[in-house]
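Every value quoted in this text rests on a predicted model; they were computed, and no experiment measured them.
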Amino acid sequence: MPLRFYNTYSQRLEQFQPQDGRRVRMYTCGPTVYHYVHIGNFRTFAFQDVLRRTLRARGFELDHVMNITDVEDKIIRGAMERGLSLDDYTRQYTEAFLEDSANLRLEQPERLVFATHHIGDMVRMIEGLSEKQHTYSSEGSVYFRIGSFPEYGRLSKINLAGNIAGARVDVDEYEKDDARDFVLWKARKPGEPGWDSSLGCGRPGWHIECSVMAMKYLGETIDIHTGGVDLVFPHHENEIAQSEAYTGKRFVRYWLHAEHLMVEGQKMSKSLGNFFTLRDIIERGYSPDAIRYLLISAPYRKQLNFTFDGLKAAATSIERLRNFMLRLNNARLGAGANPEFEARTDTARRDFDAGLDDDLNTADALAAVFEYIRDANTAMDTGAFREGNLAGAQAFLQQFDAVFDVLKPLVREDALSDAEIEARVADRTAAKKAKDFARADAIRAELLQQGIVLEDTRDGVRWKRK
RNA sequence: GGCGCGGUAGCCAAGUGGUAAGGCAGAGGUCUGCAAAACCUUUAUUCGCGGGUUCGAUUCCCGCCCGCGCCUCCA
């Protein structure tokens, strides 16, 4: 089954094939660093992580660029309020974003690029657009004239003939010919930061950075562009307009958009104030693993309702997965291999891949894992699972974890070492042998206090970090 | 008003023209010094509502109801 993605542009499921053999050029709209990124934002980044890992599992080589928007109205306002330079203000949130990403086990893109490092490139592209008559100036700002790009609206299915009755149309602080034209270069206002350029002193509009950085590092036509659904219009529509007007070529081959994380039936968003940051949730005692699992366990194109019950369920699900991994690692198995069970493993591996291949249907892929775990547990109980079946089962778990990455528990720095734990476990086993259950239970309770759980299985004592 | 997505058990959530995955929670049981883990059984005669097509529809078509998102802050 080939890898297929839903392309927002065509509104269809399409077989994925990069333009350049095995190399995938991919661009992601990253965060605007004016605040801590909330877990709704992280849903999109987690989706991109699953996408990356799935692509690699299929043998593709990634060249993935993600931008950090480090100049923008809210950033400027925030920095001014706090009396900080733009750099000092954005640095702390950029670092927080990277730290949170690491806690969620999100892979770093191959390149992380900053808007403010590409001002010159943006100015050159705006000049190029002006030469091709796609822009006009007004009060020191430069605008893109969408009337000059007939394809405008194809991605978002926006009908330019009108249909915005009932929609809010902001009165812009700058003069525009048409309310839907967008700004490429904003004239500097008193007290604001600005860059001197042939366009005058000012700063870039929001959309231009993504076109510039995507094309600079990945070429004029890229394979995959991702973001949240709220970026479809106007951001991605505008990216297409300016990029294609500039190059005359198709900008993006596959547009992938993640749906929103919801809270009590509404989109989680900063402006609604109904958001949680990763830090908030960790403070409440939940692990980043559980959040990662929750965010990626539902297919990315469906709205996902965030609840703490859901988070608890996610944590319990991870427990089940880890318990199975431990059981495999500690199992005492009969000799030989059972070909029937080996076939069961092969089926599970195929089903898992088929789920991901189907537009990253993680829920379907997970079902394949859990069904397999049940069958494998039963087979270990009955003896149908033999030594020779272990390698296949472990390979499947690795295949699963290469994408989901939730099996390895966090080991805190102040935690007991493996050797210390083993020693206590041996003490307890000795106490048990002597029928000194009080002492055995005391050791177990003491370890539990340190986050170590002991379990007596028929294959011996097993311990794990909670 | 335009465009898009969705409504499946207590909660989360797959899915298909042929009779409902999986997870969590709940109930009963097996195992066990206890605990935990694990396994077994059990929990939707039914997939928002009403029509239609069909031998057969949750799945296709039509209409309706409800929720959410976007329509220039937005992942």
Side-chain angles (χ1 to χ4, degrees), chain A residues 8 11 28-32 34 37-48 72-74 153 156-159 161-170 172 176 179-183 206-207 226-235 237-238 257-262 265-272 293-294 297-299 301-307 309-321 323-324 326-327 351 355 358 361-371 373-374 377-382 432 435 437 440-441 444-445 448 453-458 462 464:
Chain A
T8 309
Q11 296 179 277
T28 286
C29 288
T32 300
Y34 69 100
V37 168
H38 63 63
I39 58 166
N41 301 315
F42 272 120
R43 185 195 188 184
T44 300
F45 299 125
F47 140 67
Q48 282 149 188
E72 179 263 0
D73 289 353
K74 285 190 287 276
S156 55
K157 280 76 195 170
I158 291 278
N159 180 358
N163 296 334
I164 50 172
R168 89 195 123 104
V169 177
D170 280 358
D172 199 270
K176 292 195 275 189
R180 292 160 301 232
D181 289 342
F182 59 92
V183 69
W206 172 37
H207 313 294
T226 67
V229 282
D230 49 0
L231 296 187
V232 173
F233 189 90
H235 184 52
E237 196 67 72
N238 292 350
H257 291 99
E259 258 296 349
H260 288 307
L261 188 66
M262 314 296 285
Q266 280 199 305
K267 161 182 163 179
M268 181 177 288
S269 79
K270 295 215 178 86
S271 50
L272 289 170
Y293 183 94
L294 180 67
S297 58
R301 280 202 302 123
K302 289 195 112 180
Q303 292 175 347
L304 173 63
N305 199 32
F306 173 81
T307 63
D309 279 349
L311 200 49
K312 281 176 207 145
T316 314
S317 297
I318 293 177
E319 278 292 294
R320 181 166 163 81
L321 294 162
N323 284 332
F324 178 67
L326 289 172
R327 185 171 188 189
D351 289 349
D358 182 17
N361 190 336
T362 45
D364 203 27
L366 275 174
V369 175
F370 283 107
E371 281 177 87
I373 287 178
R374 191 190 56 228
N377 272 320
T378 302
M380 282 191 270
D381 286 349
T382 63
K432 267 183 68 175
K435 299 270 183 213
F437 293 120
D441 289 350
R444 186 170 64 191
L448 183 61
V453 179
L454 293 199
E455 292 166 0
D456 295 326
T457 72
R458 66 178 192 181
R462 162 174 119 180
K464 64 188 177 189

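Judged by Watson-Crick or G-U wobble contacts below 3.5 Å, the nucleotide B:C49 has B:G63 as its partner. For B:C68, the paired nucleotide is B:G4, the pair qualifying as Watson-Crick or G-U wobble because both relevant distances are below 3.5 Å. When both pairing distances are held under 3.5 Å, B:C31 makes no Watson-Crick or G-U pair with any nucleotide shown. With a cut-off of 3.5 Å on both Watson-Crick or G-U wobble distances, the partner of B:A21 is given as none. Remark: B:A9 base-pairs with no nucleotide; criterion is Watson-Crick or G-U wobble with both hydrogen-bond distances under 3.5 Å. Shown here, B:A14 forms no base pair; nothing in the strands shown gives a Watson-Crick or G-U wobble contact with both key distances under 3.5 Å.
Across the protein-nucleic acid pair, A:Leu448 atom CG and B:A37 atom P stand 12 Å apart, rounded to whole Å. Per the geometry, NZ belonging to A:Lys432 stands 12 Å off P belonging to B:U32, to the nearest Å. One can place CG of A:Asp230 at 13 Å from C1' of B:G4, the figure rounded to the nearest angstrom. A:Met380 places its CE atom 11 Å from the P atom of B:A38, with the value rounded to the nearest Å. Separating the CG atom of A:Leu231 from the C1' atom of B:C71 is a distance of 14 Å, rounded to the nearest angstrom. Distance A:Glu455 CD to B:C34 C1': 14 Å, rounded to the nearest Å. Following rounding to the nearest Å, A:Glu259 (CD) and B:G6 (C1') show an atom-to-atom distance of 9 Å. Taking atom CG on A:Asp381 and atom P on B:U30, their separation rounds to 16 Å, with Å as the unit.
At the heavy-atom level, A:Asp309 lies nowhere under 4.0 Å from the strands shown. Here A:Thr316 lies in heavy-atom contact (under 4.0 Å) with sugar-phosphate atoms only. Contact annotation for A:Glu319: no contact, since no heavy-atom pair falls under 4.0 Å across all strands. Note on A:Leu261: a base of the nucleic acid sits closer than 4.0 angstrom, heavy atoms only. Using a 4.0 Å heavy-atom distance criterion, A:His235 is classed as making no nucleic acid contact. Using a 4.0 Å heavy-atom cutoff across all strands shown, A:Thr382 reaches no nucleic acid atom at all. Residue contacts for A:Phe370: at a heavy-atom cut-off of 4.0 Å it reaches the sugar-phosphate backbone alone, with no base atom in range. Residue-level contact check: A:Met262 touches the backbone only, with heavy atoms under 4.0 Å from sugar-phosphate atoms and none from bases.
Between B:A57 and B:G15, the distance separating the two C1' atoms is 14 Å to the nearest Å. For the P atom pair drawn from B:G18 and B:A25, the interatomic distance equals 33 Å after rounding to whole Å. Comparing the C1' positions of B:C31 and B:C12 gives a spacing of 31 Å, expressed to the nearest Å. Taking the C1' atom of each, B:U43 and B:U8 are spaced 15 Å apart, rounded to whole Å. Using P as the reference atom, B:C60 and B:C47 are 15 Å apart when rounded to the nearest Å. Using atom P as the reference point in both B:C61 and B:G4, the two lie 15 Å apart (nearest Å). Rounded to whole Å, the C1' atom of B:U46 lies 15 Å from the corresponding atom of B:G7. For B:U45 and B:A9, the P atoms lie 10 Å apart once the distance is rounded to whole Å.
Scanning atom types as modelled, no donor and acceptor separated by under 3.5 angstrom connect the side chain of A:Lys312 and the base of B:C24. Judged by atom type and distance alone, A:Arg444 reaches the base of B:C34 through a side-chain donor-acceptor pair under 3.5 Å. Counting atom types as modelled, A:Asp456 pairs a side-chain N or O with a base atom of B:C34 as donor and acceptor under 3.5 Å.
For A:Thr378 and B:C40, the shortest distance from a side-chain N or O to OP1 or OP2 is below 4.0 Å. OP1 and OP2 of B:G22 both lie 4.0 Å or more from every side-chain N or O belonging to A:Arg320. Distances shorter than 4.0 Å separate none of the side-chain N or O atoms of A:Arg301 from OP1 or OP2 on B:C68. Between A:Asn377 and B:C39, a side-chain N or O to OP1/OP2 separation shorter than 4.0 Å is present.
Residues A:Phe182 and A:Pro234 form no side-chain contact, since every pair of their non-hydrogen atoms from C-beta on lies 4.5 Å or further apart.
Salt-bridge check for A:Arg327 with A:Glu455: failed, with every basic side-chain N at 4.0 Å or more from each acidic carboxylate O. The residues A:Lys302 and A:Glu259 are annotated as not salt-bridged, no charged nitrogen and carboxylate oxygen being separated by less than 4.0 angstrom.
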Distances for protein N or O near nucleotides 12-14 of chain B N or O, under 3.5 Å:
from  : atom 1 : to       : atom 2 : distance (Å)
B:A14 : OP2    : A:Lys302 : NZ     : 2.9
B:A14 : O3'    : A:Asn361 : ND2    : 2.9
B:A14 : O2'    : A:Asp364 : OD1    : 3.1

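Taking every heavy atom of both residues into account, A:Lys270 and A:Val37 meet most closely at NZ-CA, 4.5 Å. Here the shortest heavy-atom pairing between A:Ala440 and A:Lys432 reads CB-CG, 3.7 Å.
Among the nucleotides B:C3, B:C39, B:C70, the one closest to any side-chain atom of A:Arg374 is B:C39. Checked against B:A37, B:G4, B:C70, the side chain of A:Lys267 finds its nearest nucleotide in B:C70.
One N or O on the side chain of A:Glu237 and one on the backbone of A:Gly153 form a donor-acceptor pair closer than 3.5 Å.
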